[in-house]
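Input: a single structure, listed below in structure tokens.
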Amino acid sequence: MSLPLIIFYFFGILSAAAAIYIALTKNIIYAAFSLILCFIGLAGVFVFLGAEFIAVTQILVYVGGILVLLIFGVMLTNRLEGEKLVSQSRQKLLGFLVSGMLFYVLLKGILAANFSALEWMSAESGSQTGLKTLGMNLMTEYVLAFELIGLLLLIALIGAVYIAGNKRKEDKHAA
């Protein structure tokens, strides 16, 4: 077994283990951190599958944006005084049965599909595509839009922290 294959399986097992931990844990903060680990593992799988753009997008959008926002939201809003924030798990057996059936249906469909018969899978693309071309376009033609989006996200994050901070100050003065 070659080293790239071992690393590929490592990232796959890491993603699967993190996803199972997300489903089984009751602590919401631990689930969010485990979701970060799952997304990083999936990005590693995408790199080994030759989809570098999807891997980078996975890291930037999901880990860098959405999950950080989720963790900020959970940590700043729903924290009870001295109590852990946990979720209740109901109907575990039904959930495992439904997810097992869905996994079986998807696996059977994937194994029965003939992907080599699809035209777009075998056709060579005439235009130059790739991560380098995307990066050059993003940093030359679309740099203003890229910077404005980054500035907008920064303003939104500062506003969220400011609003959460004001609520804490009001609660302390009211007591």
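Fair warning: this is a prediction, and the values are worked out from it, not measured in the lab.
- To the nearest 0.5 Å, atoms CD1 (I54) and CD1 (I59) are separated by 13.0 Å.
- The distance from the CD1 atom of I22 to the CZ atom of F33 is 12.5 Å, given to the nearest 0.5 Å.
- When all heavy atoms of A55 and A43 are compared, the pair lying nearest together is CB-O, 3.3 Å.
- Put simply, CZ on F46 and CD on E52 are 12.0 Å apart, with the number rounded to the nearest 0.5 Å.
- Atom CG of residue L102 and atom CG of residue L97 lie 12.5 Å apart, to the nearest 0.5 angstrom.
- Taking Ile, Leu, Val, Met, Phe, Trp and Tyr as hydrophobic and joining them when side-chain heavy atoms fall under 4.5 Å apart, one finds I6 in a cluster with M1, L3, L5, I7, F8, Y9, F10, F11, L14, L37, V45, F48, L49.
- Within the 4.5 Å cutoff, side-chain heavy atoms of F146 are placed close to those of M139.
- Taking CD1 from I20 and OG1 from T25, the interatomic distance works out to 13.5 Å, rounded to the nearest 0.5 Å.
- S34 contributes no side-chain N or O that, together with a main-chain N or O of Y21, makes up a donor-acceptor pair within less than 3.5 Å.
- Distance CD1/I149 to CG/L144: 10.0 Å, rounded to 0.5 Å.
- Side-chain atoms of V143 and L138, non-hydrogen and from C-beta on, never get closer than 4.5 Å to each other.
- Linking Ile, Leu, Val, Met, Phe, Trp and Tyr residues whenever their side-chain heavy atoms come within less than 4.5 Å places L111 and F103 in a single cluster.
- Remark: Y62 engages F39 in a ring-ring contact (aromatic ring centres under 6.0 Å, His included) (not counting sequence neighbours).
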